[in-house]
Amino acid sequence: MVIVLLVMSGACVWLLTAARAYVSAEAVVSKAHRNAIAQLARYADSGDSVFYAAYEAEILVPIEAARARRELEKDQPNYFTARRALHAARVAPEDITEIIVMFRLLQRQKNFSTAVALWAQSDAPRDRIQEAAQQLRVAYERGARPDSAAVLEARREVAESAARIEPLSEGFSGAISRTARDAAYMLFASQIVLALVLILLGVQLSRTVLSRGRQVERSLRELSQRLELATRGSSDGFWDWDFNRRLLFHSDHLRELMGWPRATGPRRAPEMWRMLHPRDAARFRRALRLHLAGRAASLNVEVRLRTGVASYRWFHVRGRILEQDGRAPQRLSGALTDIHTRVEAQAALRASEALLRGVFEAANDVVIVVDEQDMIQFANRAVETIFGVPVSEAIGANVTLLQPGPSTLGATWVFERPLPGHAAVPRWRRMSSTGRRRNGEEFPVEISFSEVYIDNRRLFAVFLRDMSPWRQVQQEVAQARQLLDSTQLRFEHVLVTELEAQQTHIAQELHDSLGSELAALSLVLGGTRALAGGAPQLAGQIDLALAQVQSAVEVTRALARGLMPVSDHPGAFWRAMERLASDFSRGRGASCEFATQGDVEAVSSETGSHLYRIAQEALANAVRHGRASHLEIVLSRRSARLRLSICDNGSGFSAASLSGEDAGVGMRSMLARARAIGGRIQFLRRPAGGAEVRVEWPAPPRGAPMEVPERH
């Protein structure tokens, strides 16, 4: 009783405080409204934008207040938006809560609803003031004068609207005052009446409570025993809903499932069902109505209930009407089973199935599942794209639908069932086969498959890949590689042939033209020397010129030999190789020897020129890179092939320098010349140290042997 009276007294004080807050807020809004009218009048008189900015700042106060009112009038208002609007309306922060609470509690009270209606009526005049202000601004922006018709019309509209707002503000304040006064009188009178009634009822209720306490306690004890017997040995939580008292009795296990304290007694039934998830509430109520109306034999529904603080879990709610008084049900009892784990597992399973199906459907390869009788149990959409067979037709058909002749797949099921007590280990097999499209076209396929066991049933997961595009690409790559190789060979042959031809031409020109001219000049100088016998000084100069001409002749012959090292004469090749070894020993400071082995036949000038250049480059590389001090050139015959070996005692060469981008121009030239004569070249490491460049090429038909015997 004391608590109730204190609460009512506090309500009176709070009501007066809230009314004061409304009056204070109304004064702020009215003052801002008057200031806005005054600033707008100054703007109308002068057209100064400073006054218009001041007007906008002041008129914002009643606008924000109206926005707060409209938000609070909603069924489910956004209190944050309302607070922010009231704060923008210059309402004192300590008054905002009282204003919002009083509005929501008393919005249907007569005087307060009148005040709100008056407040709302001020929106239209204020909107007219804003329109007039906008018209003023437009007029001044267009160059109007203060005494123009547009300005005067706007000022008249502002004055009329302001006149309409003023009585509304006064009526609002009066209605708020009457609301507070009436509520205060009502609360005070209620306090007096309630105090008297509570005193009388307190005495009577005390006696009644004392007399019925033991009876209620005994009934509760009996009910607890029944619930304990019912729940013993069961993992379900049991409940009993008393419709008359709107109480929900529950077992200890139900309390544990819901996360309630151990000492929790009966709960109000609405409190229990308010724990329903918002998305499940309508479904639960529908199932409950069907059972109460007799259209369902029992209450049987799966819903989510809030447990603990804020978490939801899935429960299976079952119940049945136990007692009826005529047609009205009196009690509803049932059980509550925690199925959260099962529901989550089912959801995870559905998600996994959806994911796998999405993966299979998105795959470019055909995915099928085949049983031991070669019957297709599953197929993805790729079977339509690759084989042209609809999925509906493929499922249930024999796998021979996708293959010509006898089932190749069926002949490959070589896996054995696992031994008892051992799990099946998936093993993948891969093979190549032939597929058949719906139009009869056969094409190569790659098959990958593995066995799986589902419910002790042996199945095979099969992946079929169309290899036609890969085979076509491989053929095109092979053709392109062949074309590239043949083009490269032709290019190298033409390049080397043209190079040798140019060198031969230059050598012939040097020998025939320049050599002949120099020889003629030598003869002329010799004749001139005979005529100058009586002039010793002139004879000495002629002798000097003759010596220089003879030196030029030797240089020209050496250049001609270097450009055309091997002529068409028999034995020219080994003589050129002997000369190369001799010249190399004199010019490079390293000993070089040439030798022949076996029955060595004549070598054509073209082949000899290529071999000469290879040997020349090999000798230079051995000294330059391998720092060799002794070299050997050996020409030999091996059955139907001839071999030229250039050996050295240097440091050898790296594998990277022989191929790829690291190979120099010299190495590439050697390779090209070896291919030009139809032979092959090898770069070998000698067991005793150093390197060997070995060239082998087909020997020409046997003819006359070389003019010289084997020599060193």
Side-chain angles (χ1 to χ4, degrees), residues 345-419 422-486:
Q346 291 175 347
L349 179 60
R350 288 193 297 269
S352 177
E353 290 177 351
L355 177 61
L356 289 177
R357 183 170 293 275
V359 170
F360 289 149
E361 294 299 337
N364 293 325
D365 298 339
V366 175
V367 182
I368 61 175
V369 177
V370 183
D371 60 14
E372 291 185 286
Q373 287 72 39
D374 293 345
M375 305 303 292
I376 301 175
Q377 304 298 320
F378 169 82
N380 65 341
R381 295 188 180 276
V383 74
E384 300 182 9
T385 306
I386 296 178
F387 289 90
V389 178
V391 175
S392 58
E393 182 178 340
I395 296 177
N398 194 282
V399 75
T400 55
L401 179 68
L402 309 180
Q403 288 192 293
S407 173
T408 305
L409 286 177
T412 60
W413 304 148
V414 296
F415 297 131
E416 298 295 336
R417 291 182 179 271
L419 296 175
H422 293 75
V425 179
R427 292 178 295 169
W428 288 95
R429 291 289 183 90
R430 179 173 295 179
M431 57 176 290
S432 298
S433 183
T434 303
R436 180 177 58 193
R437 306 190 199 277
R438 189 178 183 87
N439 58 8
E441 176 189 356
E442 297 183 2
F443 61 99
V445 294
E446 182 183 79
I447 304 173
S448 301
F449 61 92
S450 176
E451 63 178 344
V452 293
Y453 288 89
I454 301 177
D455 295 334
N456 203 28
R457 183 186 180 192
R458 192 186 192 198
L459 299 173
F460 298 91
V462 186
F463 292 81
L464 300 169
R465 174 172 294 179
D466 184 0
M467 301 302 294
S468 301
W470 299 97
R471 296 287 176 83
Q472 183 178 358
V473 170
Q474 290 175 351
Q475 293 176 359
E476 293 176 354
V477 170
Q479 293 174 359
R481 184 177 290 110
Q482 292 177 358
L483 178 61
L484 179 61
D485 293 341
S486 62

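Just so it is clear, the model here is predicted, and its values are computed rather than measured.
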**Asked** Looking at Ala379 and Ile368, what are the two nearest heavy atoms and their distance?
**Response** CB-CG2, 3.9 Å

**Asked** Do any pairs count as a side chain to side chain donor-acceptor pair (under 3.5 Å) and have a residue in residues 378-390, sequence neighbours left out, and if so which ones?
**Response** none

**Message:** Working to the nearest 0.5 angstrom, can you tell me the gap between Leu464 CG and Ile447 CD1?
**Reply:** 5.5 Å

**Prompt:** Where is the tightest heavy-atom contact between Val366 and Phe387, given as atom of each residue plus distance?
**Reply:** CG2-CE1, 3.7 Å

**Prompt:** Roughly how far, to the nearest 0.5 Å, is CG of Asp371 from CD of Gln377?
**Reply:** 4.5 Å

**Item:** For Phe443 against Arg437, the heavy-atom pair lying closest together
**Value:** CE2-CG, 3.4 Å

**Arg438: partners by side-chain contact (heavy atoms from CB on, under 4.5 Å), with sequence neighbours left out** = Val389, Pro390, Glu393

**Flag side-chain contact, heavy atom, 4.5 Å: Met375 against Asn398** = yes

